[in-house]
Amino acid sequence: METIAIIGAGPSGLFMLKNLLKHSKQNRVISIFEKKQNLGAGMPYSEEGANVEHVTNVSANEIPELVTSVAEWLEGVPADVLDFYKINANHLNEYKVLPRLLFGSYLEAQFHLLLLAAERSGVTINLYLNATITDIKDSASSNIVKISLENGDHFEFNRVVICTGHSWPKNLEGKIDGYFDSPYPPAKLKFKANHPVAIKGSSLTAIDAIRTLSRFNGNYFLNEDKELQFEKNADSPEFKIVMHSRSGLLPAVRFHLEDSHLASNYLLSDREIEEHIQNNEGFLSLDYIFDQDFKKILLERDPNLYATIASMKLEEFTETMLNYREGFDAFELLRQEYENAARSINRKESIYWKELLAILSFALNYPAKYLAAEDMMRLQKSLMPLISVVIAFVPQTSAAELLALHQAGVLEIIAVGEDSEVVENSSGGINYNYIDETGTQSVYYKTFVNCVGQPHLSIDSFPFKGLCDGTITPATLKFKNKDTGKKAIGENKNVFKSNEDFLLNVPGIRINDDFQVVGDDGKANDRIFVMVVPYIGGYNPDYSGLDFCEEASGRIANALL
Ligand SMILES: Cc1cc2nc3c(=O)[nH]c(=O)nc-3n(C[C@H](O)[C@H](O)[C@H](O)COP(=O)(O)OP(=O)(O)OC[C@H]3O[C@@H](n4cnc5c(N)ncnc54)[C@H](O)[C@@H]3O)c2cc1C
């Protein structure tokens, strides 16, 4: 009997089980450990990450295949549940986003259907709920991985896939009044705030906080022209939300995707990428992938835009696109993008360059570990800021709420540049310090919510200390040009010398293409696989979302079985 453990039964654990079952033979036992009572929903789609007002940023047709489709599953959802979420069954279609908690119920139902399918096909599954894993220890000599539970139990397995997901470390929350290290769980933001609230960040995490705070300090209604409006509660006259972001940009609005699964037949194949790496001294060139997986496809899809960017290098392209956004008032651009996105959805016509940027980001995710340190620094400095605003894909209802809040004078955004700081106040609240065109500012806020999104965490905070004996190691990238590396040592605290090489520390741990951890002997460990969002961002810069759960678990299942 081969024994496999899945640790964590959120969306990653769900897709892991699905992909293992595709291959499973009857001489395999799969054990699943989940610290909560519920399966499938994980953090974003349970009360840990959502209230009733929070919605997914993908629609049903963008969700990788599970057992039943969302549409089929919704047909069986009782009318009172749909009423609770204010969903009109006649208006449902596969292009609509869903309340995250309802979507969590869908994922839970899929988990149970998979368990049923496993039972029917004779695969043994041991399910442990309310089972928190506290440590993991690898033994190469006995080819066994030992896991320890909070209740004192121990188990041994041949293979372990760690799917323990999101982690939001608490720093000052609970110590400083009015200070929130993240907006999760969002129930903590259900309070009256008769004062301006500072938010750090302006993307989807910020929107989660805004959706909750606004509902507890006012209400939304439709005017005669069916436009969404907001009005403050009588007892919150001073309520206001101020977003702070580096460049003062808001994320782009969801539009119609031509390929809802962000695939493209025109993308470089794994084999082509491998050949390129071999012929390029073992490195993936960022310029090559930008040319092949973005520009070349843009030529096919939007020749006019291609003509204007054809001669641009990556940096010039990202600067042009960001400058274009910065040239507008952020809310005016949001309104325009909201209208353009509505047209795109009605006509089922993509906005190609944005779709291609999402595809590029997805395509880059896996081979990013082969980038030279120089190219990773370019990616972080140039491409990621554009990707993060363009492919966040704000759902229509969220965009409408942001516009209504802004129109009511309740929401604004401030560009605070690279060097702003948030200084906590021991008697409560914070001061937001930044420089703008009028000089140095230091603004006091009684309430502060850090909404920068899931932080990339370092190996030091990895939850299973038994693996920190050299079984897991920090992720690094090598400089292609030693002179550049040598020069970077003084300028960048993440650069260091090891033997004759210059290396850049990137967030998280080292994994190979199959998500196996790489130890201090430089070898991939064929017993331990990791798909834990906060710890693999260094080698997978855009790792998040259900499409990645599907892709990563598919690769793990192929390697594992
Ligand atoms: C707020 C938010 C909204 C998002 N919305 C979307 C969206 O709309 N669309 C989209 O595609 N992506 C979205 N994402 C991306 C999201 O990362 C993935 O969809 C998904 O949650 C990742 O699943 P996971 O199972 O890896 O992690 P998690 O969802 O965090 O699940 C991890 C599971 O492991 C369990 N666990 C943790 N530690 C232990 C332990 N020690 N022992 C046992 N069990 C443990 C947890 O209880 C949990 O069930 C969102 C992310 C966030 C944070």
Side-chain angles (χ1 to χ4, degrees), residues 5-17 31-51 54-60 62-64 70 97-104 106-108 111 127-136 147-151 153 160-168 182-186 203-209 211-212 254 260-262 358 362 391-395 398 451-455 462-465 515 530-537 540 542-553 556:
I6 299 176
I7 303 192
S12 294
L14 168 69
F15 281 96
M16 195 63 247
L17 179 62
S31 299
I32 301 169
F33 296 87
E34 168 54 49
K35 75 172 175 192
K36 296 191 285 191
Q37 177 60 34
N38 298 329
L39 295 165
M43 179 258 157
Y45 316 106
S46 69
E47 283 175 5
E48 281 180 289
N51 293 334
H54 294 123
V55 291
T56 58
N57 67 344
V58 294
S59 51
E62 291 164 44
I63 291 156
V70 176
V97 299
L98 287 176
R100 288 218 293 269
L101 291 177
L102 182 64
F103 185 65
Y106 164 74
L107 293 176
E108 183 169 10
F111 216 120
L127 183 60
Y128 301 88
L129 294 176
N130 299 314
T132 302
I133 305 303
T134 49
D135 209 0
I136 304 177
I147 68 164
S148 310
L149 273 76
E150 199 174 43
N151 66 4
D153 285 350
V160 167
V161 189
I162 310 176
C163 304
T164 46
H166 290 283
S167 169
W168 306 87
S182 80
Y184 305 118
S203 198
L204 295 176
T205 311
I207 294 174
D208 274 357
R211 287 189 80 123
T212 303
R254 269 178 61 84
S260 58
H261 293 287
L262 292 180
F362 188 79
I391 71 166
F393 294 165
V394 176
S398 296
C451 295
V452 293
Q454 171 62 64
F462 197 73
F464 307 117
K465 298 297 177 207
F515 294 81
V530 168
M531 50 185 297
V532 189
V533 185
Y535 293 100
I536 55 175
N540 297 263
D542 190 30
Y543 181 91
S544 77
L546 298 161
D547 41 2
F548 292 99
C549 293
E550 163 74 341
E551 174 78 20
S553 60
I556 292 174

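Counting starts at 1 for both ligands and their atoms, following the listed order. If you read the sequence from its start, that first residue is 1, and numbering goes on from there. What you see below is based on every heavy atom in this structure, not just the backbone, and it leaves out hydrogens, waters and symmetry mates. Not measured: the values here are computed from a predicted model.
- Given atom 33 (C) of ligand 1, the protein heavy atom at minimum distance is G10 N, 3.6 Å.
- Only the side chain of Y184 comes within 4.0 Å of ligand 1, judged by heavy-atom distances.
- For ligand 1, the atoms sitting less than 4.0 Å from at least one non-hydrogen atom of M43 are 28 (P), 29 (O), 30 (O), 31 (O), 53 (C), numbered in the order shown with element in parentheses.
- Residue D208 places no N or O, backbone or side chain, under 3.5 Å from any N or O of ligand 1.
- Residue, atom and distance of the protein heavy atom nearest to atom 5 (N) of ligand 1 are Y45 OH, 3.7 Å.
- Ring pair F548/F362: centre-to-centre distance below 6.0 Å.
- Of the polar atoms of G13, none of the N or O atoms is found under 3.5 Å from an N or O of ligand 1, judged by distance alone.
- Here the heavy atom of the protein found nearest to atom 4 (C) of ligand 1 is P44 CB, 3.7 Å.
- Residue-to-ligand polar distances place I133 within reach of ligand 1: an N/O pair is separated by less than 3.5 Å.
- Considering only non-hydrogen protein atoms, atom 30 (O) of ligand 1 sits nearest to H166 N, 2.9 Å.
- Considering both main-chain and side-chain atoms, E48 never comes within under 3.5 Å of ligand 1 through any nitrogen or oxygen pair.
- At least one heavy atom of W168 sits closer than 4.0 Å to an atom of ligand 1.
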